[in-house]
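To keep things clear, I will list the structure first and then write my remarks on it.
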Amino acid sequence: MILESQRFQPFTAEPIAVISESGEWIAPFELDLGPDQLRRMYQDMLVGRAVDERLGRLQRQGKVSFVAPSGGHEGAQVGIAHALRAGHDWLFPYYRDVALPLAMGLPLVEFVAQAMGSAADPSRARQMPYHVSSKALNLFSAASPIASHIPPAAGCAISMKLRGTDQVTVCTFGDGATSEGDWHAGVNFAGAQGAPIVFACQNNRYAISVGFEKQTGADSIYTKAHAYGMPGYFVDGMDVLASYYVMCEAVQRARDGFGPALVELLVYRYGGHSSADDDSRYRPRAEVEAWRKRDPIARLRRFLTRKGLWDDEAQKEADARIAAEFDEAVAQAQAAGDVPVEAMFEDVFADVPERLARQRAELLG
Amino acid sequence: MILESQRFQPFTAEPIAVISESGEWIAPFELDLGPDQLRRMYQDMLVGRAVDERLGRLQRQGKVSFVAPSGGHEGAQVGIAHALRAGHDWLFPYYRDVALPLAMGLPLVEFVAQAMGSAADPSRARQMPYHVSSKALNLFSAASPIASHIPPAAGCAISMKLRGTDQVTVCTFGDGATSEGDWHAGVNFAGAQGAPIVFACQNNRYAISVGFEKQTGADSIYTKAHAYGMPGYFVDGMDVLASYYVMCEAVQRARDGFGPALVELLVYRYGGHSSADDDSRYRPRAEVEAWRKRDPIARLRRFLTRKGLWDDEAQKEADARIAAEFDEAVAQAQAAGDVPVEAMFEDVFADVPERLARQRAELLG
Amino acid sequence: MVQSIARTLDEEMARDERVVVVGEDVGKRGGVFLATEKLFDKYGPDRVIDSPLSEAAIIGAAVGMAAHGLRPVAEIQFSDYVYPGFDQLVSQVAKLRYRSGGQFTAPIVVRMPAGGGVKGGHHHSQSPEAHFVHTAGLKVVFPSTPSDARGLLKSAIRDDDPVVFMEPKRLYRAVKEELPDDLDALVPIGKAAVRRVGDDVVLVSYGGSMAETARAAEALAEQGVSPHVIDLRSLAPWDEETVLEAVARVGRVVLVSEAPRTASVMSEVAATITEELLDQLLAPPLRVSGFDTPYPYAQDREYLPGPARIMRAVQRVLDY
Amino acid sequence: MVQSIARTLDEEMARDERVVVVGEDVGKRGGVFLATEKLFDKYGPDRVIDSPLSEAAIIGAAVGMAAHGLRPVAEIQFSDYVYPGFDQLVSQVAKLRYRSGGQFTAPIVVRMPAGGGVKGGHHHSQSPEAHFVHTAGLKVVFPSTPSDARGLLKSAIRDDDPVVFMEPKRLYRAVKEELPDDLDALVPIGKAAVRRVGDDVVLVSYGGSMAETARAAEALAEQGVSPHVIDLRSLAPWDEETVLEAVARVGRVVLVSEAPRTASVMSEVAATITEELLDQLLAPPLRVSGFDTPYPYAQDREYLPGPARIMRAVQRVLDY
Ligand SMILES: Cc1ncc(C[n+]2csc(CCOP(=O)(O)OP(=O)(O)O)c2C)c(N)n1
Ligand SMILES: Cc1ncc(C[n+]2csc(CCOP(=O)(O)OP(=O)(O)O)c2C)c(N)n1
Ligand SMILES: [Mg+2]
Ligand SMILES: [Mg+2]
């Protein structure tokens, strides 16, 4: 049940794009975003890219135990972020979401503090880097087990529906996640309940080393929407504006009571799977290079330049501002120091039970 | 990749049928089954129906702890059974499969002995009734946890492929099973590997009391095949010949190396979910009556009668023969007596480990 | 007991509109054991949700509902079927508060009929409580009486942490009991109940096995042996104080549970008792338990620790 | 140790063409820890199968492959990720032989790196062995040395029953060891290894904690205390004879494991020791273990039972 009024059709053979590689507007409708928001989207992508570079350095310095590069995913992530009502809607993210939470308003210091495991991390240094969580932003705590957040996301959306809030849940994940049983269980429950949720797959066609053709017999993710009676949208995730417009439509559809949708955003992972990975074992360099030419940041920059909304001057300023923000965030995170050892025994339950208190004493005397 | 030569198209809007309610041949191709096989199919359905009646009686007499009525499923089940090479291909069944294993050649006494928990049960009275298992017939041991047999079935088919046997695995389940994560995980792995397996769903539109519309947002099961890159066939499961022909085609496809398929057989469950169920709490009687008019047995009988292959005389003989077979089977099962108590400690492992031997002594002194 | 549970769910749903029920067949069917009978008619499909056939969906969705502000009571049709949802229980339910530094919590109740004695074979008879008790972040209760079921279910629903609520299915229709009118008659999680005071041997049990333990205690009393009977009721946290106090006084203890023995809840109770009370023990703590086999079908009764096995163990600790 | 595993898999695949490897990233990537390195190039995609991202698919498919005649070795990338496949392990792997009366069996090996100390947070550090040991029908081993890993992996692959093969990931690159040339150098499942003979206190441990236990033993020896060190190696079945014999002789025992304490493998060992040896105990068996919290991130080191905590426990049993 797609509305006539809607701009995009589900199940298109080709990924939806609104700006061309060379930066022209190619959509059948008018651009309706102001210069400020366009520039903000661009700079939100720059911040995401900068995280790879800055945290990568901290990782090599041993100040961060692990990084998950998101270079190549920024277009999809920033498009998703701008389609949400931050602080009102809920996001159930996964570890590769970097530009996404930051563009939603997560303070850079919180991201950095979480990665460094400092006391400035609102989740008290309880998880590996790249597992953000923000109650203030309705940003559900990311968990490592792939797809384990899908059923909770479905439940959140079902709650939104039965309580009649006009909120929407957005849930992100990679292509590999779609093979997990929990992914199916959660998407199917949301579909059966017609809950207001958008499942957004960042398909970089690899699950660590496992290529897409070994992941599933289907030749795409969006076709899997058929299994749940929901529309499946196929989007060029290297096109931030296409990602934004399609997500807006799917989110609006859900908000208006037309139920869930599955959106596949085609992206690429420029870096290794993580700082522990050596992707040269399984990925031809030529493939990586080919995708680098399709960089989502360069693409939007061409578009902005054509429209006279961006130039080298602006770029220099932005780079400088972002670098300064990072220096500041790292400084704050370090200044906050470490979480105390006894914090290990807290938040298992609302209160520390006797048995745990005795174990704490066993350790701390 | 469907062969030109094939008779049926996947993803049809209407369920495939080859004989009409009134028993006329309505398929665009010639019937190519001899009188004997047609009569065998009919009588295989009669045996399935008789199990409901006879074991239901034993259950009320307290000689069987539980029954799972399969009345209404016989057309689909017998169609599946005749499409397999018994003893060569593998079947991963579920608890509602009754006419299916029997039509494949499972001795009636084994089915009855399993249900009665007698020593004549080849699986040593280890499971509830309606959980058959036959190594001789490549009939994998049925397990209660819904859909837990799907990944094993996929693995069996993957083994068939990588060892280059020309076997096919058939895996059956109900509509509710398709919601389990394990169902998705298994079907997806089979699809990714292009393994020779046919997933056959007996869709009676209820999972105990849960109606199909609460089970999934999709309006059918066969459409779920899109998610795995395999063809989905939609069949009238009350038409034993349609079930047979479509299954034959899907099985042949798999045997010829064209990979897995999902077949949805639309059926109805005339009885309650089990002897523990009261379906009047959730199912309108009128609905049950309407489906009884579509009885797969009556339908084939009309067809056979039109062709002069069946009459009241034949029916009387068949009923009498089947009744006698049951009397014999029940007698044999009872004569075999109970399994010894100490059997409880065997088959946990190949040998009884010391620890278990001590526990056995604890019980038996 | 099952009527007590249905009534309690009704009372709590009436008290707090955030309480919803979700599971397989909990709607019109009222649950396969009728633990949710009449709730659908009274509260409708928004608060009594028939889920698809997926335990991961049931438990996982409950987590999201709870994070969003509801108080879901999830039903797993049989405890044997919790395993498809086990990752949700271990990775989401048990760890949400911890991993988010207390920002998000999962105040849910996961109800499940457990235990054997119903000729259900190994997939309708298991006692998986050890898996839950071993998982940090879960509270686990296993009442044996209708009033404890009511009082503990109320406590569980009102608790800010997740509670696995296990129900001894073979006692569902065993005992009738007058329930107090007080709608806030809570039974605190973590407190055991002394069912019988005695001096010769301490019998510790919980859930379905309380029935056989009580029968054994009766028989022992008739033989002039004075048993002290403790019903743990809560397994995580469990009432170490009550158990240790009794064992310290009596010096002999038999631990009765139908769950498989190895690395079980009673292994923990036994280990804790010796750690704390070695010198007061007049005999080794003995476990009478289910066997380390899958739950059988034909030997449904023999598998369970019945009065005879319990009394043999008591004899051993008395003769020690 | 990880090279020893890769080499052993190669040896067994060369010996028996029924042996196949299945898991996430086991192909070209050679596994995220390189435990299957070079196997893909040597044996190809039919015997080294990159699975979709689903542990249920990996473990479940292995069952079907085994039923059909193969000898699959499944890899779970981290033991923390076994839970999505837990139903397959409990409902299919552990029960297939039993429920079919021995008609069908699942001779598979499920390998998984386990344990902490790698700054992996709670989803790359857990020690779930208690869940497996509590599940009747599974054999469980947890070697701590390269040669035990090789010998036990060979035994596991050749065993006619399913074996959960746990690997202490923080020791993957810790010790180098000369491996015997003998391709059939099996280590029997169920036999412990005495690492050090002594008279004052028995230290029982396994897996990753063997490293800290050995260090503690060194330090104790320097202080003139003579520790007897046992490496269980197998957890199901575990070597009761070797442990009981030592404890009966020495009278004092400390049980070291990094797994959470409650209802753990060491709870079972402690319970069994007191059941059998109450009168020979000069002090209560003490457990030094991980805490009953989710595995932390910041306190990765403090969570693990290090030499200091082990020695404090030894002091307590010596002073008792
Ligand atoms: C249940 C589970 N199994 C395995 C892993 C190990 N693992 C971490 S990331 C990953 C690949 C995920 O791929 P995808 O979903 O495509 O996301 P991407 O990293 O490509 O963005 C795997 C297998 C895990 N985290 N959880
Ligand atoms: C994992 C699991 N959860 C719940 C159950 C309880 N149960 C038994 S049958 C059934 C319904 C199955 O419905 P369907 O798959 O449609 O098969 P049908 O009985 O209709 O043929 C349920 C929920 C189970 N056996 N296993
Ligand atoms: Mg990916
Ligand atoms: Mg059904």
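Residue numbers start from 1 in every chain, and the chains themselves are labelled A, B, ... in the order their sequence lines are given, proteins ahead of strands.
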Chain D interface, residue from [options] that has the most non-hydrogen pairs under 4.5 Å:
{"options": "C:Ser264, C:Ala270, C:Gly137", "value": "C:Ser264"}
{"options": "C:Lys95, C:Glu268, C:His123, C:Glu275", "value": "C:Glu268"}
{"options": "C:Ala271, C:Ala263, C:Pro84, C:Pro285", "value": "C:Ala263"}
{"options": "C:Met266, C:Gln126, C:Glu276", "value": "C:Gln126"}
{"options": "C:Arg287, C:Arg261, C:Glu55", "value": "C:Arg287"}

Exercise. How many angstroms lie between OG1 in C:Thr213 and CG in C:Leu203, if you round to the nearest 0.5 Å?
Worked result: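 Reported to 0.5 Å precision, the distance equals 6.5 Å.
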
Exercise. Rounded to the nearest 0.5 Å, how far apart are OH of D:Tyr303 and OG1 of D:Thr293?
Worked result: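 One finds 5.0 Å between OH of D:Tyr303 and OG1 of D:Thr293.
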
When [options] are compared by non-hydrogen pairs under 4.5 Å with chain C, the top option:
{"options": "D:Leu281, D:Asp292, D:Thr274, D:Val269", "result": "D:Thr274"}
{"options": "D:Pro128, D:Pro284, D:Pro294", "result": "D:Pro294"}
{"options": "D:Leu286, D:Leu278, D:Leu277, D:Thr272", "result": "D:Leu278"}

Given a strict heavy-atom distance threshold of 4.5 Å, which part of [X] is in contact with chain D: side chain, backbone, both, or neither?
{"X": "C:Val133", "value": "both"}
{"X": "C:Gln88", "value": "neither"}
{"X": "C:Tyr320", "value": "side chain"}
{"X": "C:Ala283", "value": "backbone"}

Problem set entry | Donor-acceptor side-chain pairing of C:Gln92 and C:Arg99 below 3.5 angstrom |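 There is such a pair between these side chains.
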
Exercise. Do D:Tyr206 and D:Glu129 have side-chain atoms, one donor and one acceptor, less than 3.5 Å apart?
Worked result: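 Yes.
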
Are the side chains of [Y] and [X] in contact, using a 4.5 Å heavy-atom criterion?
{"X": "D:Leu138", "Y": "D:Val93", "answer": "yes"}
{"X": "D:Pro305", "Y": "D:Ser209", "answer": "yes"}
{"X": "D:Asp160", "Y": "D:Arg97", "answer": "yes"}
{"X": "D:Tyr295", "Y": "D:Asp300", "answer": "yes"}
{"X": "D:Pro162", "Y": "D:Pro107", "answer": "no"}
{"X": "C:Val204", "Y": "C:Val256", "answer": "no"}
{"X": "D:Lys169", "Y": "D:Val118", "answer": "yes"}

Atom group of [X] that falls short of 4.5 Å from chain C, counting heavy atoms:
{"X": "D:Thr135", "value": "side chain"}
{"X": "D:Tyr297", "value": "neither"}
{"X": "D:Pro296", "value": "both"}

Exercise. Does the separation of the ring centres of D:His131 and C:Phe86 fall below 6.0 angstrom?
Worked result: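 So the answer is yes for these two rings.
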
Exercise. Which of residues 239-253 of chain C have a heavy atom under 4.5 Å from any heavy atom of chain D?
Worked result: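 Residues in range: none.
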
Problem set entry | Sidechain N-carboxylate O distance under 4.0 Å for C:Glu302, C:Arg309 |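 Not counted as a salt bridge, because no side-chain N and carboxylate O are separated by less than 4.0 Å.
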
